[in-house]
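Contents: one structure, followed by commentary.
Both ligands and their constituent atoms are indexed starting at 1 by order of listing. If you read the sequence from its start, that first residue is 1, and numbering goes on from there.
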Amino acid sequence: MSLGIYMQVPFCQTRCTYCNFHTGVVSSARFAPYVAAVQTEIGEHQIRLLQANIVLPPSLAQGTVDTVYFGGGTPSLLDPQHLHAMLDAIRETFAHHFREVTLEADPETIGAQKAAAWAAAGINRISFGVQSFSDVELQAVGRMHRRADVYRAVPILHAAGIHNISFDLIAGLPHQTPESWRNSLDELIQLAPQHVSIYLLEVDQGSRLGSELLRGGTKYSAAAVPSDDAMAESYDLARATLHAAGYEHYEISNFAKPGFASEHNRKYWRRAPYLGFGAGAHSFSGTHRWANAHDAAAYVQSIASGKLPIEQLELISTSQALEEELFLGLRQLAGINLERLQKSYGVSISDRFWSLESSGLLERDGNVVRLAAKHLSISNEVFVELMR
Ligand code: SF4
């Protein structure tokens, strides 16, 4: 069985105003102890999981790690030696045949020496937080990089032999206009990354910008955030532009040139097992989901004292598993295969889709149900209706 490993690096240089992740701005002196704790967690994961009565099924315990994903935070802030050490801990602990090793990177953190060291460590895919090609928008949300950094970083990666590059863009940043969004898409296509993720600005209490928007304030350029309708139009323009440029739309937020869909992220959407290491990292064994403590200092302390860093543990019931299949299946443009689900779960689920089909939100094609293309930008509303 193939196995994915997620490594969480919860450190950033500053905090972007729209960020709702558990990350911290800390002294770089805290990086080495954190990396050492992650190495320990990897090496001792089986013993520590047993302490929590989590027994990995043999297929998973003996699985071959073929994808690794360093996410964060800003994992590219770490010394490349640290990333190398964490990958070596995986090599020493698991059967492995790395096909895709992704590092999330911010463009301004990239230099020629770093990129060469990443490639030497085995990293072969970079996911860039580009977010926009407008310096006004980048500055408004507190990003550290500017448009020029993206143009500087891409050739550095190519020179280091890393050619599998993904760009993230966010629709709905403050000061974004239809023209600036179109320009960001055009510049992205000129740089021809192999993979693109398009996100809509998330508005919730977890970020400074989100909570300002919810209370109707104007701090953090909240008054300059485009309307929901404008964001939906930006998403639709991205779909059309990327399709015309040869990208396949394979998941609500993700587009890839043929052969470059993210193998690691596909494991999440297909409910394949994965293990996560580091503060706040999540794991899924096929029957259980669990999450480590979010606080990096508490995580390091817990590992040092021989305790489990696990903060949440949940046994997934059959009905929860089916709900997950529906939610994750509809996120993928290939849709849900009803026959497969009905065989796996022994229930007929066809009726659940009728009202959403009759209102045009879902489409059926033989045994396959999928979100209607023109309603992809309101997928969350459709999911809420489906789970009622
Ligand atoms: S770089 Fe990413 S993780 Fe860090 S604060 Fe910004 S959005 Fe959050």
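- A salt bridge links D88 to R91: one of the charged nitrogens lies within less than 4.0 Å of a carboxylate oxygen.
- Aromatic pair F94/H96: centroids not less than 6.0 angstrom apart.
- Between R331 and E251, at least one side-chain nitrogen of the basic residue sits less than 4.0 Å from a carboxylate oxygen of the acidic one, meeting the salt-bridge criterion.
- Not one N/O/S atom of C19, from backbone or side chain, sits under 2.8 Å from atom 6 (Fe) of ligand 1.
- For ligand 1, the atoms lying closer than 4.0 Å to a non-hydrogen atom of R15 are 5 (S).
- Atoms of ligand 1 lying under 4.0 Å from any heavy atom of F21, numbered from 1 in the order shown and given with element: 3 (S).
- Look at G73 and you'll find a heavy atom under 4.0 Å from some atom of ligand 1.
- In summary, of the residues considered (F255, Y250, F128, F167), a ring-ring contact (aromatic ring centres under 6.0 Å, His included) with H195 occurs for Y250 alone.
- Short contacts between ligand 1 and R143, defined as distances under 4.0 Å to a heavy atom of the residue, involve ligand atoms 1 (S), 6 (Fe), 7 (S).
- Taking a 4.0 Å cut-off on heavy atoms, T14 registers as neighbouring ligand 1.
- Look at D66 and R99 and you find a salt bridge, because one of the NZ, NE, NH1 or NH2 atoms lies within 4.0 Å of a carboxylate O, short of that distance.
- For ligand 1 and C12, the ligand atoms under 4.0 Å from any heavy atom of the residue are 1 (S), 3 (S), 4 (Fe), 5 (S).
- For the residue pair E179 and N183, no side-chain donor N or O sits within less than 3.5 Å of a side-chain acceptor on the partner.
- For atom 6 (Fe) of ligand 1, the nearest protein heavy atom (residue, atom name, distance) is C16 SG, 2.4 Å.
- Using a 4.0 Å cut-off between a side-chain N of Lys or Arg and a carboxylate O of Asp or Glu, E100 and R266 do not qualify as a salt bridge.
- For ligand 1, the atoms closer than 4.0 angstrom to any heavy atom of D106 are 1 (S).
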